[in-house]
Amino acid sequence: MLWLIGLAGLVIIGLGWYAWKLTREVKALENKRIKARKDALVGVQILVNSYLDDQVDRSECLLRIRVLLDAHHPDWKTELKLDRFDEVSDAILAMPFGEARQQIDVSTRREHDAARRQLLQIHEAELDAELQRLKQWVDQ
């Protein structure tokens, strides 16, 4: 009988240790997620500033901002209401980029480049205003 009580005590201690270990792992993962979110916001801030200062290729910059927001702030669409940014970045994302872009022929690539430039020119003022709003949101 006494050995059953000892065994039960060992099981309880073992389960307690396992629960403590899992809790620590969950906290570590949550801390990593929070850090990744903060790092993504810093990246968005840098990209927005680069876009507004006209230091980078604007379509590439919009893609990078979009990827960071989608990956680390999935609620950005409802929180920020960046309709033009969403529309333009969706259109640019629909076009091949990276290795896929290099696989297509030169004339198609030029057509895509022209379409990107046209999109950016048509919506330039709205994009600038929305990215200013995004910048303010990131700065909070």
Side-chain angles (χ1 to χ4, degrees):
M1 182 71 169
L2 191 57
W3 68 272
L4 280 175
I5 294 172
L7 182 63
L10 283 175
V11 167
I12 290 172
I13 289 172
L15 289 174
W17 173 81
Y18 185 64
W20 174 78
K21 182 180 168 190
L22 289 177
T23 303
R24 252 187 37 204
E25 288 177 15
V26 167
K27 285 181 183 177
L29 287 172
E30 181 64 19
N31 288 339
K32 284 181 183 178
R33 190 185 66 74
I34 289 169
K35 183 178 179 343
R37 234 175 122 97
K38 286 179 183 177
D39 290 347
L41 282 178
V42 169
V44 167
Q45 185 176 33
I46 290 168
L47 289 167
V48 168
N49 287 336
S50 299
Y51 180 96
L52 294 172
D53 293 340
D54 205 20
Q55 296 176 341
V56 293
D57 176 79
R58 289 185 156 203
S59 63
E60 179 71 26
C61 190
L62 289 178
L63 286 178
R64 290 175 186 263
I65 292 169
R66 175 69 183 264
V67 167
L68 285 172
L69 289 175
D70 286 346
H72 298 284
H73 300 279
D75 53 347
W76 71 269
K77 287 184 181 184
T78 55
E79 271 187 45
L80 295 171
K81 302 279 192 233
L82 303 175
D83 297 329
R84 204 58 57 219
F85 170 77
D86 188 28
E87 176 188 333
V88 172
S89 61
D90 274 346
I92 294 171
L93 276 170
M95 297 177 196
F97 55 93
E99 282 186 38
R101 177 177 158 74
Q102 294 186 8
Q103 302 286 332
I104 59 177
D105 62 275
V106 176
S107 64
T108 306
R109 208 175 314 153
R110 285 188 184 132
E111 289 173 15
H112 289 172
D113 290 345
R116 285 180 179 151
R117 279 192 302 276
Q118 185 178 21
L119 265 173
L120 291 170
Q121 287 174 347
I122 290 170
H123 302 293
E124 183 176 6
E126 293 166 302
L127 282 170
D128 285 353
E130 287 183 359
L131 288 176
Q132 286 289 353
R133 260 196 356 247
L134 177 59
K135 182 180 176 182
Q136 291 171 352
W137 180 77
V138 168
D139 289 340
Q140 292 178 17

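From a predicted model like this one, the values you see are computed outputs, not experimental measurements.
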Determine the minimum heavy-atom distance between [X] and [Y], stating which atoms define it.
X      : Y      : result
Leu63  : Ser89  : CD2-O, 4.3 Å
Cys61  : Val56  : CB-CG2, 3.6 Å
Ser59  : Ile92  : CB-CD1, 3.6 Å
Arg133 : Leu80  : NH2-O, 2.9 Å
Tyr51  : Leu127 : OH-CD1, 3.6 Å
Leu68  : Gly43  : CD1-C, 3.9 Å

Which value, rounded to the nearest 0.5 Å, describes the distance between [X] atom [atom1] and [Y] atom [atom2]?
X      : Y      : atom1 : atom2 : result
His112 : Arg117 : NE2   : CZ    : 12.5 Å
Leu120 : Glu124 : CG    : CD    : 8.5 Å
Leu7   : Trp3   : CG    : CH2   : 6.5 Å
Arg109 : Met95  : CZ    : CE    : 14.0 Å

* Asked: Would Thr78 and Asp75 count as a side chain to side chain donor-acceptor pair (under 3.5 Å) if you check the C-alpha gap in whole Å, the side-chain angles of each, and the deciding distance to 0.1 Å?
  -> CA-CA 6 Å; Thr78 55; Asp75 53 347; 5.8 Å; no
* Enumerate the residue pairs fulfilling salt bridge (Lys or Arg N to Asp or Glu O under 4.0 Å) with a member in residues 44-57, sequence neighbours excluded, ordered by first and then second residue. =>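 Those involving residues 44-57 are Asp54-Arg58.
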* Pairs satisfying salt bridge (Lys or Arg N to Asp or Glu O under 4.0 Å), at least one member in residues 87-102, at least two apart ->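 Checked against salt bridge (Lys or Arg N to Asp or Glu O under 4.0 Å) - neighbours excluded - the pairs reaching residues 87-102 are Arg66-Asp90, Arg84-Glu87, Arg101-Asp113.
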* Start with the C-alpha distance between Leu41 and His73, add both sets of side-chain angles, then the distance that settles side-chain contact (heavy atoms from CB on, under 4.5 Å), and finish with yes or no. => CA-CA 9 Å; Leu41 282 178; His73 300 279; 3.4 Å; yes
* Candidate pair Asp39 and Lys35, rule salt bridge (Lys or Arg N to Asp or Glu O under 4.0 Å), full reasoning -> CA-CA 6 Å; Asp39 290 347; Lys35 183 178 179 343; 2.9 Å; yes
* Count the heavy atoms of every other residue, nucleotide or ligand shown that sit under 6.0 Å from NZ of Lys77, and state whether that count exceeds 12. =>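 Above 12, so yes.
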* **Whether over 12 other heavy atoms sit under 6.0 Å from Glu25 CD** =>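 Yes, enclosed.
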* Co-membership, hydrophobic cluster, residues Leu22 and Trp20, 4.5 Å side-chain ->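 Yes, same cluster.
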* Asked: Do Trp137 and Val67 sit in the same hydrophobic cluster, where Ile, Leu, Val, Met, Phe, Trp and Tyr count as joined when their side-chain heavy atoms come under 4.5 Å apart?
  ->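 Different hydrophobic clusters.
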* **Side chain proximity check, Leu134 to Ile65, heavy atoms < 4.5 angstrom** =>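 Yes, their side chains come closer than 4.5 Å.
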* Taking the side chain as every heavy atom from C-beta outward, state whether Asp86 and Glu130 have any atom pair closer than 4.5 Å. =>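 Result no, sub-4.5 Å side-chain heavy-atom pair not found.
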* To do: Would you check, one step at a time, whether the test side-chain contact (heavy atoms from CB on, under 4.5 Å) holds for Glu126 with Phe85?
  => CA-CA 8 Å; Glu126 293 166 302; Phe85 170 77; over 6 Å; no
* Glu30 and Lys27 ion-paired at < 4.0 Å ->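 Not counted as a salt bridge, because no side-chain N and carboxylate O are separated by less than 4.0 Å.
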* N/O donor-acceptor pair under 3.5 Å between Asn49 side chain and Gln45 backbone ->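 Yes; judged by distance alone, with no hydrogens or angles, the pair exists.
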* To do: Have a look at Leu131 and tell me which of Leu82, Leu62, Leu47 forms a side-chain contact (heavy atoms from CB on, under 4.5 Å) with it.
  =>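 Of all the options given, the one that passes is Leu62.
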